Amino acid sequence: MRRKGFSPAGIRCAFAVAATLWAVVGLFSITGLAGQARQVTAAGSYSAAQATRGKTLYSDQCVACHGEMLEGVVGPPLSGSDFLVDFGGHPVADVVQKIQSTMPQQAPGTLTRAQATDLTAYILQFNKYPGGPDLTDATATQFTLPGGGATPAAAAAAVNTSGLPTVTATANLAQFMRAVTFPNANIIFNTQLYDPGKEKPKMPIPYDYVLWGKTVYYGWEAVDEAILALRDTSPMLLLPGRRCQNGRPVPIQNADFQQAVKNLVAFTDELWKAAQTRNQETVSDLSEKLNDTCANCHKVYRDVSASGGASTGSLTADRCNANPKGGGVAQ
Ligand code: HEC
Ligand code: HEC
């Protein structure tokens, strides 16, 4: 689980597993298997000089979000079993790539390959994998971090042998909300300001595809379609494998989170009936309740800060906390 207060015992345990695997691979190397394409251990994969340089970079650019002890602050932990949830079973190269292409989060793409490699070396050293020769692009693909680590989404993809696409949780929750839930809800909230039966939206000048679309599909039909979209997409909020923007898994196992999704889905039935009256006031009144349906979940799982106060900042460490303070979503 990806929490700030992770248990040191869990980490020691993960180190023990890593150390054991190292011993096993050590045995293999005696029997001549060393030098094989893949080794399920990161032991011996980096040099002490790389880790030392990585440590300095880490203190400059990463510590604020990932913590002195790599325990996770705003960003997820980079140590122990938490780290292996994502990277267990993956080549070390995936860690280098992740860092180089997405970190530091506020300035991705600013690290060189060598810096991303040094940072990876430091993370491996911190996780007590013993050092060895320099980590290079070539060796980074050969060393694999121990552990299954398959996410539920990856597991689902693995059992899908049909070749047809499956429903996946690729977007983080904030992206899903902004792309799907928010725009559809806004079409419904708009009935507070405009009567969908009255105005046909005008073609914008200068031309704009998004606004033009609203001149093609508009009015009560667009309201109906937004309600249907919310109905059909909201169950995806409970899809396994999705993360929140801060890296925590979406707390889909929490009964109150599940209930909040159920409430939203159930509420779309009410909205649908109201929309069929084609009466602005009826839908407008109900859209206040839609707002409550969103806010009931947000006040527990979104608008929270680590210090306990309300926050609307999008990168708070306490978002999506599986053990929320203050009793959870009212049922
Ligand atoms: C502004 C905060 C911030 C900074 C600074 C930052 N990170 Fe991150 N990091 C995050 C967040 C949030 C995530 C989770 C979202 C994601 O995976 O992109 C993350 C994810 C990661 C992951 C993937 C962890 C996992 O288990 O999936 C790695 C590795 C990582 N960061 C390394 C670094 C390194 C190395 C630096 C310094 C160069 C750094 N980060 C700087 C916020 C930050
Ligand atoms: C079951 C809980 C739940 C429900 C119901 C819910 N949300 Fe969210 N929403 C969240 C969480 C948690 C986040 C933060 C996600 C993250 O940080 O990745 C979020 C984020 C958002 C964001 C992005 C905010 C940001 O800072 O990036 C928007 C916009 C949003 N929700 C709109 C809505 C609307 C509109 C509704 C109702 C129609 C709704 N949500 C219903 C849990 C919920």
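Remember, it's 1-based here, ligands and their atoms both numbered in the order they're listed. Keep in mind that this is a model prediction, so the values were computed, not measured.
- For H298, the N, O or S atom closest to atom 8 (Fe) of ligand 2 goes by the atom name NE2.
- Numbered from 1 in the order shown, with element, the atoms of ligand 2 that lie under 4.0 Å from a heavy atom of C320 read 12 (C).
- Within the set A179, C297, A185, G247, the minimum heavy-atom distance to atom 2 (C) of ligand 2 is found for C297.
- Among C65, C244, P108, G72, the residue whose heavy atom lies closest to atom 4 (C) of ligand 1 is C65.
- At a cut-off of 2.8 Å, M103 coordinates atom 8 (Fe) of ligand 1 through an N, O or S atom.
- Within the 4.0 Å heavy-atom shell around ligand 1 one finds P76.
- M177 lies close to atom 8 (Fe) of ligand 2, since one of its N, O or S atoms is found at a distance under 2.8 Å.
- Not a single donor-acceptor pair under 3.5 Å links the side chain of T139 to the backbone N or O of L135.
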Can I get a per-line list of side-chain donor-acceptor pairs under 3.5 Å for residues 201-219, giving both atom names and the distance, sequence neighbours left out?
residue	atom	partner	partner atom	Å
D208	OD1	V210	N	2.8
D208	OD1	L211	N	3.0
T215	OG1	W212	O	2.5

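- Contact annotation: H66 places an N, O or S atom under 2.8 Å from atom 8 (Fe) of ligand 1.
- In this structure, L57 has no heavy atom closer than 4.0 Å to ligand 1.
- Contacts between N172 and ligand 1, counted as non-hydrogen atom pairs separated by less than 4.0 Å, are absent for every part of the residue.
- Residue F87 touches ligand 1 through its side chain alone, judged by heavy-atom distances below 4.0 Å.
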What pairs of donor and acceptor atoms, side-chain ones from residues 283-294 against any protein atom, are under 3.5 angstrom apart with sequence neighbours left out?
residue	atom	partner	partner atom	Å
S287	OG	Q192	NE2	2.7
S287	OG	S284	O	2.7
K289	NZ	E270	OE1	3.4
T293	OG1	K289	O	2.8

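- Between Q245 and ligand 2, a contact under 3.5 Å exists for at least one N or O pair.
- The closest approach between any non-hydrogen atom of T181 and ligand 2 is below 4.0 Å.
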